[in-house]
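When reading the values below, keep in mind they use all heavy atoms of this one structure, side chains included, and skip hydrogens, waters and symmetry mates.
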Amino acid sequence: MSENQPENAPSTDGTQQSSPETDTTGSVPAPTPAARESVETSAGNAQQAEVTDSGLLGRVKRAFGQLKKPVPGAMPRAHFALPEAAFDDDGNPTVQSVQGFSVQRPVLLGFMLTVGVGLALLLFYVGSHTTQLILWIIAALFIALGLDPVVRTLENRRIPRPAGIVIVLLALVGVVAGFFATLIPTVVDQVNQIITQGPTWINDFLSSDFYNNLNEQFGLKDRVTEEIQKFIKDSSAVGGVFGGIVGFGTSVANGLFGALIVLVLTLYFLAALPSMKTFAYRLAPRSRRPRVMELSEEITRSVGNYVIGQVCVALLNATFAFIVMSILNVPFSVLLAFVVALLAFIPLVGGLIAGILVTLVSFTMGWQTAVIYAICYFAYLQFEAYFVSPRIMQRAVSVPGSVAVISVIAGGSLLGVLGALIAIPTAAAIMLLIKEVLVPQQDRK
């Protein structure tokens with residue numbers, strides 16, 4: 001090696017020069033006798049363990065070892081434990097709460113839950129025992145919303161609102177009074193005819209061949225006499241008759257009282273409707289108040305237009321029926337015209353019921369009269385359904401036919417005739433809210 005060659009450079013004669021560090025790490029010291037003896041001992045123990053494991057004990061150990069291994073595809077078992085206590089920054093335990101009530105106050109939580117259940121039961125009790133009053137309030141509010149467009153029209157013609165309310169209510173009372181003025185004399189007249197001609201009708205029936213044949217075959221006279229004597233001797237049956245008369249009188253009195261209550265509530269609702277709207281609008285958040293006012297005004301306007309439109313349809317229906325009945329000399333034409341007008345307020349089925357009722361009365365004048373009236377009236381119902389109602393109702397509400405049918409059936413099932421009357425405007429209001437509130441919210445998501 002030359003003196004100028006670097007120390008770590010490889011030698012020119014093909015041999016690699018090793019460093020002192022390489023020599024110390026590569027050299028393995030010879031084992032001592034003690035280490036050699038330890039290695040031989042461990043090898044002997046391993047051979048003895050292999051001999052032992054090959055027996056029954058080894059098999060048991062291997063089996064337990066297999067049991068400790070997890071089953072392929074098995075899910076880990078869930079461990080349930082109580083939540084750890086939470087501490088604040090100062091190391092003090094925090095108080096957990098459930099819906100604003102501290103779990104460290106179970107008595108207060110139970111008391112408040114009991115109060116809530118008690119209030120719910122109280123509301124249910126009050127609602128179930130004031131159903132008639134609630135129906136009167138709904139009817140009065142519905143009538144007030146229907147008459148409000150007329151009152152506002154009078155206001156636009158420089159008539160004060162109180163004077164307009166009085167004029168509208170006097171017109172409404174006049175229509176109701178006209179109905180009863182026509183109904184009561186007709187009923188009294190018919191009752192007098194029954195009392196006067198009743199014995200004559202009975203004698204004619206008893207002397208007819210039809211009755212004589214029945215009497216000869218079945219002994220009808222003796223059986224009727226026996227049943228009449230049993231009825232007279234039975235005090236409970238006689239009391240039931242008088243109880244039925246008293247119940248009918250009570251129902252009539254309750255109906256008149258309810259009509260008076262509805263009229264008074266309608267008067268108050270008409271007078272206080274603007275202030276009621278203002279108070280209701282203030283319950284909404286200030287940022288959303290203009291939108292709430294817009295939707296509420298549109299709903300109330302649609303309800304009022306629906307009532308006015310239904311009044312027009314009912315008047316046209318009753319006028320046509322009265323004209324046809326007058327031409328065919330159907331008895332009680334004025335009273336039946338009032339009945340037709342009232343039934344025409346019921347959507348979908350009111351006109352059908354009115355047609356069937358008047359057709360049955362027309363049979364007293366002969367089957368020809370009944371057939372002619374039925375043809376004319378039911379043809380008008382078709383004309384009304386396709387030409388009159390759409391043109392009158394298009395400015396009031398826009399409800400699909402299927403929705404109208406379902407709403408009328410549901411309203412009639414829940415609230416009777418009143419529910420059927422308010423079903424369509426209620427469905428129109430719900431559809432408006434869905435279209436103007438719910439759909440835009442879903443579009444923004």
Measure across S362 and A370 and return the closest heavy-atom pair with its distance rounded to 0.1 Å.
CB-CA, 3.7 Å
On a heavy-atom basis, the closest approach of Y373 and A321 is OH-CB, 3.6 Å
Find out whether W136 and F257 are in side-chain contact, i.e. whether some heavy atom of one side chain is under 4.5 Å from a heavy atom of the other.
yes
pair P425-F142: side-chain heavy atoms closer than 4.5 Å:
yes
Distance, nearest 0.5 Å, that separates CG of L315 from CZ of F322:
13.5 Å
Given 3.5 Å as the limit, does a donor-acceptor pair link the side chain of E384 with the main chain of G351, or not?
no
So does A144 get a backbone contact from the side chain of D148, meaning a donor-acceptor N/O pair under 3.5 Å?
no
Measure the CZ-CZ distance between R152 and R157 for me, rounded to the nearest 0.5 Å.
14.5 Å
Side chain T364, main chain V361, donor-acceptor under 3.5 Å
yes
Mutual orientation of the aromatic rings belonging to H129 and Y125 [parallel < 30°, tilted 30-60°, perpendicular > 60°]
tilted
Taking all non-hydrogen atoms of both residues, which atom of G127 and which atom of I134 are closest, and how far apart?
O-CD1, 4.1 Å
From CA spacing to verdict: side-chain contact (heavy atoms from CB on, under 4.5 Å), V340, Y377:
CA-CA 11 Å; V340 169; Y377 185 77; 3.8 Å; yes
Heavy-atom pair with the smallest gap, counting every atom of A344 and Q310:
O-NE2, 3.0 Å
Give the C-alpha distance, both sets of side-chain angles, the deciding distance and a yes or no for side chain to side chain donor-acceptor pair (under 3.5 Å) between Y281 and E297.
CA-CA 11 Å; Y281 295 154; E297 290 295 331; 2.9 Å; yes
Closest contact, heavy atoms only, L352 versus L381:
N-CD1, 4.2 Å
Tell me, do S407 and I424 make a side-chain contact under 4.5 Å, heavy atoms counted?
yes
Report the C-alpha distance between L438 and L433 in whole Å, list the side-chain angles of each, state the deciding distance to 0.1 Å, and finish with yes or no for side-chain contact (heavy atoms from CB on, under 4.5 Å).
CA-CA 7 Å; L438 182 60; L433 292 177; over 6 Å; no
Roughly how far, to the nearest 0.5 Å, is the CG atom of L342 from the CD1 atom of I353?
12.5 Å
Side chains of L360 and I356: closer than 4.5 Å at any heavy-atom pair?
yes
Taking the side chain as everything from C-beta on, heavy atoms only, tell me whether L328 gets closer than 4.5 Å to V324.
yes
Return yes when atom OH of Y268 has more than 12 non-hydrogen atoms of other residues, nucleotides or ligands closer than 6.0 Å, and no otherwise.
no
Any Lys/Arg nitrogen of R291 or E294 sitting under 4.0 Å from an Asp/Glu carboxylate oxygen of the other?
yes
Please check: side-chain N/O of N329 versus main-chain N/O of M325, any donor-acceptor pairing under 3.5 Å?
no
Which distance, rounded to the nearest 0.5 Å, do you find between the CD1 of I299 and the CG of L145?
10.5 Å
Close side-chain approach of I137 and V262, heavy atoms under 4.5 Å:
no
From L273 CG over to T278 OG1, what is the distance, rounded to the nearest 0.5 angstrom?
9.5 Å
Between F320 and Y380, how do the two ring planes meet: parallel, tilted or perpendicular, split at 30° and 60°?
parallel
Of the non-hydrogen atoms in T359 and A374, which two are nearest, and what is the gap between them?
OG1-CB, 3.9 Å
Within this structure, what is the OG1-CE distance for the pair T300 and M276, rounded to the nearest 0.5 Å?
11.5 Å
A side-chain contact here means heavy atoms from C-beta on lying under 4.5 Å apart; do M365 and P331 qualify?
yes
What residue among L121, V115, T114 forms side-chain contact (heavy atoms from CB on, under 4.5 Å) with V117?
L121
4.5 Å side-chain heavy-atom contact, V303 and Y306
no
